[in-house]
Amino acid sequence: MERNLTADQLALFEKEFASNPQYRVMQNAVTQTPVNSIALDRQVVTSMDHSVSNLLDDWKVTNQKKSGRCWLFAGLNLLRAGAADKLGVKDFEFSQNYLLFWDKFERSNFFLEAIIETSERDADDRTVAHLLSDPIGDGGQWNMFVALVRKHGLVPKSAMPETESSSATAQLNDALRKLLRQGARDLRALDTDDARRDRKREILTTVHRVLSIHLGTPPQKFLWQWKDSDKGFHRDGWTTPTEFAAAYVQLPVDEYVCLVHDPRETSPVGRTFTVDFLGNVIDAPPVVYLNVEMDLIKQLTQDAIVGGEPVWFGCDVGKQMNSDLGFWDAKLYDYGAVYDTEFTLDKAERLVHHETLMTHAMLFTGVDLVDGKPRRWRVENSWGDEKADSGFWTMNDSWFGEHVFEVAVRRSALPADLQSRLDEAPIVLPAWDPMGALADQA
């Protein structure tokens, strides 16, 4: 075929389409009905329900609303069950807005430090261009969540409730991006480190002001009192966020490590990786993950749930998903039958060719085991309770293997040889690598 599409070639394409009556039938259907309604595989749907053999959740789901805070919600959802148990209440929520504030502020500082570090490079250098493409957003990863809790602690939702901007972050993020890109221009134009630090301090003063206007001011101390499920009154008195976290976080978050499934040939199994310029808190432990086989990720996830602990995970949420039913299955939609073609990219090829990356973080709260093997998984989402099973979704095991990328588990759960690998210096991937994607699906 010639490089240009000639009239004769265009006519051949049209003739090929018109010659097959099946294509006309499908055209009539798709032009009048959403393609997902046609591609939805009824056999897959009728084979699924929301029951599981091992169930942990007996609480209500949360709602991140119009924000990309899924990784914060998933992290706090992991911690809140233990806090509720200690408080003697049925449902409890840590303040998601509190961690959002500190993530935005720490992330702004992280970005400005990256700009200072790369200030001698051209603005169209690929790393600099990547930094400037999205200087701040809502997304994050597990290690970034731990860094915030370690440094800033936690507060109950009542101490820093949601605001309009925490529930719908678009305008706040737009203002911050303008400030940070403008700040990047200023920092790159200065010649001395002292001048850059002075200017950075001025930029961060403005960032703090903007965050306070949109989100409120984070409490440095608050009076904590509550009623338990039996209506008994309790008062802990005045406490700081770090004291509150120490008192009510029942899981040792510092002991958790990130495992990923990255099947690309360039990513050897059993090695640790990090991504250049990925993080939020300066001088916190870097975002590091260990690449392992998917079978191990499933086994450790299953073991944790059977042992009574939910599991934080990251995935490409939009693939083969039905939000009304709350189902995921690797073959939920038969697009090949609709378009009379085959979609043959495997997981590694999807990563290489930019067809997938981690977009969302949630919590595994159940698993359905048949003869000791997982059949399906129960997931606590943070999209409210109007869909799925009151906001709890069901994932067939086929989807887990194809579209889950990352889990956080206790280091002690790993085989001894993999525990030792965590102490090795990580391979550094470039800032734009897909494994550095931040979960931010609203």
Side-chain angles (χ1 to χ4, degrees), residues 1-5 13 30 35-36 39-41 44 68 70-71 124-134 137 139-141 258-278 287-298 313-323 328-362 395-407 426-442:
M1 180 183 291
E2 297 178 7
R3 292 178 61 202
N4 189 25
L5 293 172
F13 289 125
V30 174
V35 68
N36 277 4
L40 186 66
D41 191 320
V44 173
C70 55
W71 60 291
D124 60 359
D125 171 87
R126 188 169 184 182
T127 298
V128 177
H130 175 81
L131 293 171
L132 293 172
S133 66
D134 189 10
Q141 294 202 9
C258 267
L259 307 180
V260 299
H261 180 235
D262 179 358
R264 292 176 294 178
E265 291 183 2
T266 54
S267 300
V269 171
R271 290 297 306 274
T272 55
F273 292 82
T274 189
V275 179
D276 204 15
F277 295 108
L278 177 62
V287 175
V288 173
Y289 54 78
L290 178 67
N291 192 29
V292 300
E293 298 288 359
M294 177 53 73
D295 286 346
L296 179 61
I297 289 181
K298 288 184 179 181
F313 75 99
C315 65
D316 190 354
V317 68
K319 298 289 194 292
Q320 296 289 331
M321 173 189 77
N322 186 291
S323 59
W328 292 285
D329 183 275
K331 296 183 178 179
L332 188 60
Y333 297 100
D334 189 356
Y335 296 115
V338 172
Y339 301 122
D340 191 22
T341 190
E342 294 183 20
F343 296 94
T344 59
L345 292 178
D346 62 25
K347 191 173 186 178
E349 292 167 336
R350 290 196 298 272
L351 282 168
V352 170
H353 294 89
H354 297 214
E355 176 56 19
T356 191
L357 43 71
M358 188 173 77
T359 60
H360 193 47
M362 295 174 285
M395 176 194 300
N396 270 351
D397 191 61
S398 64
W399 197 93
F400 191 131
E402 287 294 321
H403 303 296
V404 169
F405 285 105
E406 179 178 356
V407 297
I427 297 171
V428 180
L429 298 174
W432 54 86
D433 190 272
M435 295 307 291
L438 301 176
D440 65 354
Q441 187 75 38

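Bear in mind the structure is a predicted one, so any value in this text is a computation, not a measurement. Side chains are part of it too, since the values below use all heavy atoms of this structure and drop only hydrogens, waters and symmetry mates. Counting from 1, the numbers follow the sequence of the chain as shown.
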Heavy-atom donor-acceptor pair, Asn396 side chain to Ser398 backbone, under 3.5 Å: no
Side chain to side chain contact (heavy atoms under 4.5 Å, CB included) assessment of Arg264 paired with Asp433: CA-CA 12 Å; Arg264 292 176 294 178; Asp433 190 272; 3.0 Å; yes
Test item: His360 side-chain N/O and Val317 main-chain N/O as donor-acceptor pair under 3.5 Å: no
pair Cys315-Trp328: side-chain heavy atoms closer than 4.5 Å: no
Validation row: Trp399, Leu332 side chains within 4.5 angstrom (heavy atoms): no
Qualifying salt bridge (charged side-chain N to carboxylate O under 4.0 Å, His left out) pairs with a residue from residues 331-344, counting only residues at least two apart or across chains: none
From CZ (Arg271) to CG (Asp262), nearest 0.5 Å: 13.0 Å
Atom pair CG (Asp125) and CG (Leu132), whose distance is rounded to the nearest 0.5 Å: 10.0 Å
Point-to-point distance, once rounded to the nearest 0.5 Å, from CZ of Phe405 to CG of Leu351: 4.5 Å
Partners passing side chain to side chain contact (heavy atoms under 4.5 Å, CB included) against Leu357 (at least two apart in sequence or in another chain): Thr359, Pro434, Ala437
Whether His353 side chain and Glu349 backbone form a donor-acceptor pair below 3.5 Å: yes
Backbone N/O of Val287 and side chain of Thr274: donor-acceptor pair under 3.5 Å: yes
Side-chain heavy atoms of Val275 within contact of Trp432, under 4.5 Å: no
Minimum heavy-atom distance Asp440-Cys70, with the two atoms named: N-SG, 3.7 Å
Note: Asp397-Lys298 ion pair, threshold 4.0 Å (strictly below): yes
Mutual orientation of the aromatic rings belonging to Phe343 and Tyr335 [parallel < 30°, tilted 30-60°, perpendicular > 60°]: perpendicular
Shortest non-hydrogen contact between Gly139 and Leu438, atoms and distance: C-CB, 3.6 Å
Side chain proximity check, Phe273 to Pro268, heavy atoms < 4.5 angstrom: yes
Criterion side chain to side chain contact (heavy atoms under 4.5 Å, CB included) on Val407 and Phe313, from CA distance to verdict: CA-CA 4 Å; Val407 297; Phe313 75 99; 3.8 Å; yes
Audit row: Lys319, Glu402, side chain to side chain contact (heavy atoms under 4.5 Å, CB included) steps and yes/no: CA-CA 9 Å; Lys319 298 289 194 292; Glu402 287 294 321; over 6 Å; no
Flag, side chain of Gln320 to backbone of Tyr333, donor-acceptor distance under 3.5 Å: yes
Side-chain donor/acceptor of Arg350 to backbone N/O of Leu345, under 3.5 Å: yes
Stepwise side chain to side chain contact (heavy atoms under 4.5 Å, CB included) check, Asn291 with Met435: CA-CA 11 Å; Asn291 192 29; Met435 295 307 291; over 6 Å; no
Close side-chain approach of Met358 to Gln141, heavy-atom, < 4.5 Å: yes
Close side-chain approach of Asp329 and Asn322, heavy atoms under 4.5 Å: no
